[in-house]
Amino acid sequence: MEAPTIGGVRIRQGDGQTVRLRRGASLTDLAEKIGVEPASLVQVLFHLGEMVNATQSVADDTLQVLGAELNYAIEVVSPEDEDRELLESFDIEFGEDFGDEEDLESRPPVVTVMGHVDHGKTKLLDALRHANVVAGEAGGITQAIGAYQVATEVSDEERRITLIDTPGHEAFTAMRARGAKSTDIAILVVAADDGVMPQTIEALNHAKAADVPVVVAVNKIDKETADPVKVRGELTEYGLIPEEYGGDTMFVDVSAVTREGLDSLLEAVVLTADAALDLRANPDMPAQGVAIEAHLDKGRGPVATVLVHRGTLRTGDSIVAGSAHGRVRAMITDTGETVDEALPSMPVQVLGLTSVPGAGDNFLVVDDDRMARQIADKREARQRAALLAKTTRRKTLDQLFEQLEKGETQELKLILKGDSAGSVEALEDSLAKIEVDDEVSLRVIDRGVGAITETNVSLAAASDAVIIGYNVRAQGKATQMADSEGVDIRYYSVIYAAIDEVEAALKGMLKPIFEEKTMGQAEIREIFRSSKFGTIAGCMVLEGHMRRNAKARLIRDGVVITETSIASLRREKDDVTDVREGFECGLTLHNFNDIKHGDIVETFEMVEKPRD
């Protein structure tokens, strides 16, 4: 039986079986999997309107379109599965404790401190660890993630707790997005005088999404305007019911200034951990964990703050962290002490890596430096291929219409940020009422009050959403991040403009707006007849400039006679492309000869108008 022809190419088709491919795979990779020539796949894609060579990284959606055409189900392996398969090829199991039940030992809980800006997160942490962190920060704002261990006494037994201080909750989100389960419990810091604020809600939503228990620290109770009862009432609306109200969330009133309630807060963390979590790890296996933060130090080279999840990290171990690798030269604790080993839940700074890993990258100890280098190189190559595929051109509008014609549902995802809860609610309600075809739909995946943050941009990048800012702007590095990630941020001050543009986008009518810009005017003062060129106008350029091939209109007594273009342009005996104001020229109009003395030739161009 002959193979069917697709786009003029004779190629064997599949019978619906699934083909697994890594991110950023090439047509050669697919050809090997399905047993065809790469050149034939290049031809098929060409007939589908995509020009791709055999070794180029191909975007996931392009691979899936090609697979559907050939009757194969293309499954692009997720980054987590890809990494797991890579480690399995080296006989390494990541994320699983080795050994029997008796090998597991209890470990300290890892706690992330979260909350609204200026509610006292770092001051509280500072008070907990008896060191002055805030004094060293620029403007009192947390610049980097720090991880620290503190000790408390519960039931006459010393218990250790690992605290992670984040710059807001952006880093927490980034870690969760990379699949790093780095937190056991979240402390939500709320100022007793301010109450629940926008970032408080965002922090709470991230903690809920990560499925971690929450302990609420009601801070600044030393202030006269403090109202802890109000805070409890506000958080009840968001599903955090205090124990004293019959719920299961522990609320602790604290003051970072007077140190009141700090012991009770640490005790609440330990009790929550004991009640809700089974915190045990095997310290005898090769160390695995997560890089919380990393930077390049001038004197010491790449320095990574790592948190050990299981196993024991020792000086001299061969280590891989993301696409970085090396041998552990030294380990330094948060107090500046050099240690030879780090047990589960212990944060340490590691020296000895060849490059700087990313925040949230998993790290693991391997047998030797050679294996570490191989894993790091393969991870880097795969990341590069995935990035190349991601940065290839996006779908054209024609492709979008083709998909709509095929009956595929298109979904426009939006993230709404506004200056008040009322305006965001009004905008969301109005957008929900837009009536469009069944083939396109709109979904608001996140909403919030306040400036557009890096968290919003990272969520938009991950879910291919558009951010709408109503009377708010992007803050900090969010704009740069949006540019690098290709995220579309649109600003509006009139609610109807936002509704109209979203409706136009849904209907596929969002076209660029052009406006006319006058380039110049010339008066016709002489008329010459030529058998070769037709009627030639001898002109004086009154303002601006005349340009060959420019769009033009002929005006007589203030009335537009015709719209055409300038066919030829001469200055004395020379052909020219441009004649400026105050100079004479000869010109002819394209397909138009009915000109008279005193007529005005006006040239113009259509310029795309930027949207507000």
Side-chain angles (χ1 to χ4, degrees), residues 111-143 145-146 148 150 152 161 163-170 172 185-207 213-247 249-272 419-421 448-451 453 475-476:
V111 180
T112 300
V113 183
M114 306 170 77
H116 191 76
V117 65
D118 201 32
H119 273 200
K121 298 189 297 291
T122 308
K123 276 185 180 169
L124 181 63
L125 195 76
D126 176 35
L128 288 170
R129 57 186 276 262
H130 310 289
N132 194 2
V133 179
V134 178
E137 293 183 0
I141 299 168
T142 306
Q143 300 293 320
I145 306 166
Y148 322 96
V150 298
T152 186
I161 297 170
L163 296 166
I164 299 177
D165 180 29
T166 65
H169 45 269
E170 287 85 353
F172 185 80
I185 295 173
I187 292 180
L188 184 64
V189 180
V190 188
D193 57 339
D194 256 5
V196 174
M197 300 294 276
Q199 277 181 287
T200 312
I201 305 307
E202 280 190 40
L204 176 57
N205 289 340
H206 288 302
V214 176
V215 174
V216 180
V218 184
N219 195 20
K220 303 188 181 183
I221 57 165
D222 54 292
K223 290 199 170 185
E224 290 181 12
T225 53
D227 191 351
V229 176
K230 178 189 166 196
V231 172
R232 283 165 168 77
E234 287 176 341
L235 281 174
T236 301
E237 296 174 23
Y238 295 97
L240 288 185
I241 317 295
E243 282 186 336
E244 54 263 45
Y245 294 178
T249 304
M250 295 188 78
F251 279 65
V252 184
D253 295 340
V254 297
S255 167
V257 177
T258 64
R259 307 182 65 79
E260 182 184 343
L262 297 188
D263 290 338
S264 302
L265 177 61
L266 293 176
E267 185 178 353
V269 168
V270 171
L271 293 174
T272 301
D419 55 347
S420 69
V449 178
T453 64
Q475 70 172 17

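Values reported hereafter were calculated over all heavy atoms of this structure, with side chains retained and with hydrogens, waters and symmetry mates removed.
Nearest heavy-atom pair, Ala256 versus Ala127, reported as atom, atom and distance to 0.1 Å: O-CB, 3.8 Å. Minimum heavy-atom separation, Gly195 to Val231: CA-CG2, 4.1 Å. The minimum heavy-atom distance linking Thr200 with Leu188 is given by the pair O-CD1, 4.0 Å. The two atoms that bring Pro213 and Thr272 nearest to each other are CB-CG2, 3.8 Å, heavy atoms only. Considering every non-hydrogen atom in both Pro228 and Asp253, the closest pair reads CB-OD1, 3.7 Å. In plain terms, the two heavy atoms of Asp193 and Lys220 that are nearest each other are OD1-CD, 3.8 Å.
The line from CG of Asp222 to CZ of Arg259 is 13.0 Å long, rounded to the nearest 0.5 Å. Atom CD1 of Ile185 is separated from atom CD1 of Ile164 by 12.0 Å, given to the nearest 0.5 angstrom.
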List the steps, then state whether side chain to side chain contact (heavy atoms under 4.5 Å, CB included) holds for Leu124 with Leu265. CA-CA 10 Å; Leu124 181 63; Leu265 177 61; 4.0 Å; yes
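Applying the side-chain hydrogen bond (donor to acceptor under 3.5 Å, both in side chains) test to Thr152 and every residue at least two apart in sequence or in another chain returns nothing.
For the side chain to side chain contact (heavy atoms under 4.5 Å, CB included) with Val111, the qualifying choice from Val215, Leu266, Ile187 is Ile187, the only one to do so.
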Mind listing the side-chain donor-acceptor pairs of residues 234-242 below 3.5 Å, one per line with the distance, residues two or more places apart or on another chain?
unit_1, atom_1, unit_2, atom_2, d
Glu234, OE1, Val196, N, 2.8
Thr236, OG1, Arg232, O, 2.6

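Looking only at side-chain heavy atoms (C-beta outward), Val252 and Leu262 stay at 4.5 Å or farther from each other.
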